[in-house]
Amino acid sequence: MRYRFSFRVWRKEMRVPLRTAHGPWGEREGIFVRLEAEDGRVGYGEIAPIPWFGSETIAEAEAVCRALGAAVDDRVLDAVATRFGCVRFALAAARAEPATPDAKVRLPVAALLPAGRAALAALPDRLAAGFLCLKWKVGVERPEDELAVLDDLLAQLPVYVRLRLDANGAWDRRTAERWLAACAERPVEFIEQPAAPEAPDLLLGLAADYPVTLALDESVASLASAREWQARGWPGAFVLKPALAGPLPELVAWAQATRPDLVISSAIETALGRAQFLRTVLAQGLTKRALGVGVGPVFGDRRWDGPVTGALLEAGWCDSVSPEDLWNATS
Ligand code: MG
């Protein structure tokens, strides 16, 4: 198939800067792509890189788009190098027929709690909104302070709610061991990235020595790295951000063939890219875990954020997102 290809680079301020391990992140950069097939079908895709998470940069993605030119075919699109996972996600999505999940299928969404003691103040609202899974960032303040907050949080948690912790690779061995011991036999769903991706042996050792489930996130920015960890015998979960991982059909094929314990997570993409992968996740039953898409209104703009995400996500959320509206918003 031959296509007319176009792309638009955009920059948009976030409503509130996100706190990351690399400092505050206040402005999202991305690229929307558009493919018009010779049969008249038009498809859109989103490139949403997070370079400090291991993806290509926005400049690299733009260079790839520029090199593609205005007239492309499937052979040219398939030849984009594997390391440009975000570009490949977008091009595959723009070519694919959107998945059509059953309207009755729903998946729980994990709501984010603020770091530190502020999590306790935010808890009642999240529970009142019906969230069954909460995520709390740790490794931000002193472990003894955070461990005290953990006790208070768990004491207030109804038995039907589970807590996931995300250390973003911040802990050394001693700190990680202390936390993993403290979390044993507690209602902790899993601990995300307890040690840095540069310490694979430590991660494997921790997973073997403690009963709490561990999940890799920073370690598996690409599908290729998830495959490597799987081959090493990683016994825990894999947090994958489809917008970084490459073409969605490859992710689906891997998940169906090997049945990993998969957590699907946002890469702070707009509603355009998120609706595309959520359609597939809902249609294919890719995960048994709450979706890591409870990031709130990142842009404070309904078109860009999509509808407010509640405790359960269903196909209707995806249906209410118009890729064309987002494309037009960048003109
Ligand atoms: Mg994480």
Side-chain angles (χ1 to χ4, degrees), residues 14 17-25 28 48-55 85-86 89 107-116 119 122 126 131 133-141 143 146 150 153 162-172 175-176 179-180 183 188-200 202-204 206-207 212-223 225-226 229-230 234-245 251 260-269 273-274 277-278 281 286-296 298 309:
M14 295 184 189
L18 298 178
R19 264 173 99 173
T20 78
H22 302 260
W25 184 22
R28 188 52 165 129
I50 311 182
W52 44 263
F53 213 92
S55 84
C86 302
F89 167 77
L107 279 176
V109 172
L112 205 56
L113 291 172
R126 304 290 194 277
F131 285 98
C133 178
L134 303 170
K135 170 164 161 169
W136 184 43
K137 293 265 186 189
V138 289
V140 178
E141 293 170 6
E146 288 184 336
L150 176 71
L153 269 177
R162 301 195 75 196
L163 184 66
R164 39 177 88 155
L165 307 181
D166 188 356
N168 287 115
W171 295 334
D172 59 18
T175 311
W179 274 91
L180 268 55
C183 289
V188 171
E189 184 189 11
F190 56 73
I191 302 179
E192 230 168 283
Q193 203 70 42
E198 294 76 26
L202 174 55
L203 286 162
L204 283 164
L206 292 170
V212 58
T213 300
L214 301 182
L216 298 174
D217 185 8
E218 281 84 346
S219 289
V220 292
S222 68
L223 186 56
S225 44
W229 275 93
Q230 199 177 44
W234 176 250
F238 297 85
V239 181
L240 284 189
K241 297 172 167 43
L244 305 186
L251 173 54
D261 181 354
L262 200 53
V263 184
I264 295 293
S265 169
S266 159
I268 319 297
E269 63 284 311
R274 192 172 308 156
F277 71 70
L278 286 176
V281 169
L286 278 194
T287 180
K288 293 188 168 63
R289 304 249 183 208
L291 300 166
V293 297
V295 289
V298 170
T309 313

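Just so it is clear, the structure is predicted and the values come from calculations on it, not from any experiment. Atoms within each ligand, like the ligands themselves, are counted from 1 in listed order.
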task = Check L165, L150, T175 against V138 for a side-chain contact (heavy atoms from CB on, under 4.5 Å) and give me the one that passes.
result = L165
request  = Sort by chain and number the protein N/O/S atoms found under 2.8 Å from the Mg ion (ligand 1).
outcome  = D166 OD2, E192 OE2, D217 OD2
query = Relative to each other, are the rings of W234 and W229 parallel, tilted or perpendicular (30° and 60° limits)?
reply = perpendicular
ask   = Any side-chain heavy atom of L203 within less than 4.5 Å of one from L214?
value = no
request  = Using the test side-chain hydrogen bond (donor to acceptor under 3.5 Å, both in side chains), find all partners of T309 that sit at least two apart in sequence or belong to another chain.
outcome  = none
ask   = Mind checking what makes ring-ring contact (aromatic ring centres under 6.0 Å, His included) contact with W136, not counting sequence neighbours?
value = none
task = List for me each residue that meets side-chain contact (heavy atoms from CB on, under 4.5 Å) alongside A170, sequence neighbours excluded, and say none if there are none.
result = none
